[in-house]
Student: 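Below: one structure in structure tokens.
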Protein chains: 2
Amino acid sequence: MRISELARETGVPLATVKFYLREGLVPAGRATSATQAEYDATHVRRLRLVRALVEIGGLPLAAVRDVLVAVDAGPDLSMTAIGTAHAALPPCPPPGTGTERALAVVESFGWSGAGQTNALGRLQAALEAMDAVGLAPDPDRLRTYADAALTVAAADVSDVPAGPVADVVEYIVVGTVLYEPLLLALRRIAQQHLFVTRRPEG
Amino acid sequence: MRISELARETGVPLATVKFYLREGLVPAGRATSATQAEYDATHVRRLRLVRALVEIGGLPLAAVRDVLVAVDAGPDLSMTAIGTAHAALPPCPPPGTGTERALAVVESFGWSGAGQTNALGRLQAALEAMDAVGLAPDPDRLRTYADAALTVAAADVSDVPAGPVADVVEYIVVGTVLYEPLLLALRRIAQQHLFVTRRPEG
DNA sequence: CAATATTGGATAGTGCTACTCTCCAACTGT
DNA sequence: ACAGTTGGAGAGTAGCACTATCCAATATTG
């Protein structure tokens, strides 16, 4: 398969495919001559992955690159696959955010092993911003959110397939990113459902 | 309170405050002379809201403007407050995305009244992207996600305070946007927790 | 009251991201 | 032989979110 077929197959503009190749987001094809290269199903898959991370996950290209590096490298010795995934994933917490408060919340749930993830910074930043506008969650609601998060997380980790490490990492990374919009969309639809059915008169 | 105090109070650079005033994201102060204006607590609150929507919610300024218009206008006659909120909220589904498949999913959960929200388009786009990379959720997992979404949505709508319509709208809009990062951060932390405690040996 | 500082407001410029366009020589198919 | 396509590189563009500079009118200070 040549580059233009790769572009057609995935629906990505040719110029953009070239751009991704230049940026190293998609690996080069096997050159068959000075002006021709051969691409295969792995390139199609990688290109679709990049687009999914950008369009569905909303990641900037730099983050996509980090994610792909993590996917290709597999987990290093000091991190679990999930840690590798999360370290590569945006959004990063705003600089200057501590994690003490988030840690306290997480510990109150009896969760452990969360000391390394930058999600802690995000959690704390979110809590602080809610405070600033006077809309911080009460403990009950926080608990409800935590329980729901734990439920979906349990589904996430139990679904991780056996197989080569690289596949596991890809599964986790992509699953983390791509399932987020799914969860948010379902939440919004559920809100609408509840609001409509609870208040048919209003 | 003068403009520079408003900037200091909220930690937003003065030039940025001026920019938001120009863009109409923060209402003008009460002019006391040709070169002086007076700002009060409502301006502080609005400015903090804008920053929270941008930094925590990750909204582009155009979306912030739409959200604020919805907040200020209150729900119009044809929409519930939640519909108003969601219509103003990004991200929009990529153009060309249908909603048939998403509708089928939603109906399989017995949810109703979701015909209007653009979250349907997001849901369908997410499902299609997952298909494209071969990571679509099986029905069980989708069900798990839907249940979790319904749980948090129930907490969301039950927490809506009684009060002026404008406050209700603000509560819903801000809650929808600001609680999303909270949910995602908790999910990631829960994943890490489960992965670490489930596989202490690996 | 004079000297200095600050203010609100407008205009233009910056830095970043994610493409998109243009060009070109080398090659392909007919 | 020759129009058409290809891979590759560089520069250009569009949008976004600020940020810097300027100005005359006012406020503050000694």
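Each chain gets a letter, A, B and so on, in the order its sequence line appears, and its residues count up from 1.
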Student: Less than 4.5 Å apart, any side-chain heavy atom of A/Pro137 and any of B/Tyr179?
Tutor: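 A side-chain contact under 4.5 Å exists here.
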
Student: Do the side-chain N or O atoms of A/Thr16 get closer than 4.0 angstrom to the phosphate oxygens (OP1, OP2) of C/dT20?
Tutor: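 Yes, such a contact exists.
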
Student: Side-chain N or O of A/Tyr20 less than 4.0 angstrom from OP1 or OP2 on C/dA18?
Tutor: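 No.
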
Student: Nearest heavy-atom pair of A/Tyr171 and A/Asp156: which atoms, and what distance?
Tutor: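 The pair with the smallest heavy-atom distance is CE2-O, 4.5 Å.
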
Student: Rounded off to whole Å, could you give me the CG-to-C1' distance for the A/Leu61 and C/dC19 pair?
Tutor: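 To the nearest whole Å, that distance equals 9 Å.
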
Student: Which listed nucleotide (C/dT20, C/dC19, D/dT19) is nearest to the side chain of A/Val54?
Tutor: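 Given the options C/dT20, C/dC19, D/dT19, the side chain of A/Val54 is closest to C/dC19.
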
Student: Of all heavy-atom pairs between A/Ala28 and A/Leu21, which one has the smallest distance, and what is that distance?
Tutor: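 Heavy atoms only, the tightest pair is CA-CD2, 4.1 Å.
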
Student: Which nucleotide, C/dA18, D/dA17, C/dT7, lies nearest any side-chain atom of B/Phe19?
Tutor: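 Selected nucleotide (nearest to the side chain): D/dA17.
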
Student: Using atom CZ of B/Arg65 as one end and atom P of D/dC16 as the other, report the distance to the nearest whole Å.
Tutor: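 Whole-Å distance recorded here is 10 Å.
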
Student: Given C/dC21, D/dA17, D/dT26, identify the nucleotide with an atom nearest to the side chain of A/Ala15.
Tutor: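 Within the option list, the nearest is C/dC21.
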
Student: Counting only non-hydrogen atoms, which of residues 37-52 of chain A are less than 4.0 Å from DNA chain D?
Tutor: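 Within residues 37-52 of chain A, the residues near DNA chain D are A/Ala37, A/Tyr39.
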
Student: Please state how far atom CG in B/Leu14 lies from atom C1' in D/dA17, giving the value in whole angstrom units.
Tutor: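 One finds 16 Å between C1' of D/dA17 and CG of B/Leu14, rounded.
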
Student: Between A/Lys18 and B/Lys18, who's closer to the 5' end of DNA chain D by nearest nucleotide?
Tutor: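 With A/Lys18 and B/Lys18 compared, the 5'-side residue is A/Lys18.
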
Student: Choosing from D/dT19, C/dC27, C/dT20, which nucleotide comes nearest the side chain of A/Arg22?
Tutor: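 Among D/dT19, C/dC27, C/dT20, the one nearest the side chain of A/Arg22 is C/dT20.
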
Student: For the side chain of B/Ser33, counting heavy atoms from C-beta on, which of D/dA27, D/dA20, D/dA17 is nearest?
Tutor: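 Minimum distance to the B/Ser33 side chain belongs to D/dA27.
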
Student: On the 0 to 90° scale, with breaks at 30° and 60°, tag the B/His43-B/Tyr39 ring pair as parallel, tilted or perpendicular.
Tutor: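 Correct class here is perpendicular.
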
Student: Do NZ/NE/NH1/NH2 and the carboxylate oxygens of A/Asp72 and A/Arg46 come within less than 4.0 Å?
Tutor: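 Salt bridge present between A/Asp72 and A/Arg46.
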
Student: State whether B/Ser4 places a side-chain N or O below 4.0 Å from either non-bridging phosphate oxygen (OP1 or OP2) of C/dT7.
Tutor: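 For C/dT7, OP1/OP2 do have a side-chain N/O of B/Ser4 under 4.0 Å.
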
Student: Rounded to whole Å, please give me the gap between CG in B/Leu59 and C1' in D/dC16.
Tutor: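 For the pair B/Leu59 CG and D/dC16 C1', the rounded distance is 14 Å.
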
Student: Between C/dT28 atom P and A/Met1 atom CE, what is the distance in whole Å?
Tutor: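 Value for this atom pair: 18 Å.
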
Student: Ignoring the backbone of A/Gln36, work out which of C/dT20, D/dT19, C/dC27 is nearest its side chain.
Tutor: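 Per side-chain heavy atoms of A/Gln36, the pick is C/dC27.
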
Student: Assess whether a salt bridge exists between A/Arg188 and B/Glu180, defined as any Lys/Arg side-chain N lying under 4.0 Å from an Asp/Glu carboxylate O.
Tutor: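 Here A/Arg188 pairs with B/Glu180 in a salt bridge, since their nearest N and O are under 4.0 Å apart.
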
Student: If you check the A/Arg2 side chain, which of D/dT6, D/dT19, D/dT28 turns out closest?
Tutor: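 Given the options D/dT6, D/dT19, D/dT28, the side chain of A/Arg2 is closest to D/dT6.
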
Student: For a quick test of reading the model, state the closest non-hydrogen atom pair linking B/Ala155 to B/Ser158 and the distance between them.
Tutor: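 Closest approach of B/Ala155 to B/Ser158, heavy atoms only: O-OG, 3.3 Å.
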
Student: Should B/Glu38 and B/Arg2 count as an ion pair when the cut-off is N to O under 4.0 Å?
Tutor: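 So B/Glu38 does not pair with B/Arg2 through a salt bridge.
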
Student: Please give, in whole Å, the distance from D/dA9 C1' to A/Glu23 CD?
Tutor: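 After rounding, the gap between these two atoms is 12 Å.
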
Student: Distance check needed: C/dT7 P versus B/Arg30 CZ, whole Å only.
Tutor: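 My rounded result for the distance is 17 Å.
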
Student: In whole angstroms, how far is the P atom of D/dG8 from the CG atom of A/Leu21?
Tutor: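 For the pair A/Leu21 CG and D/dG8 P, the rounded distance is 7 Å.
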
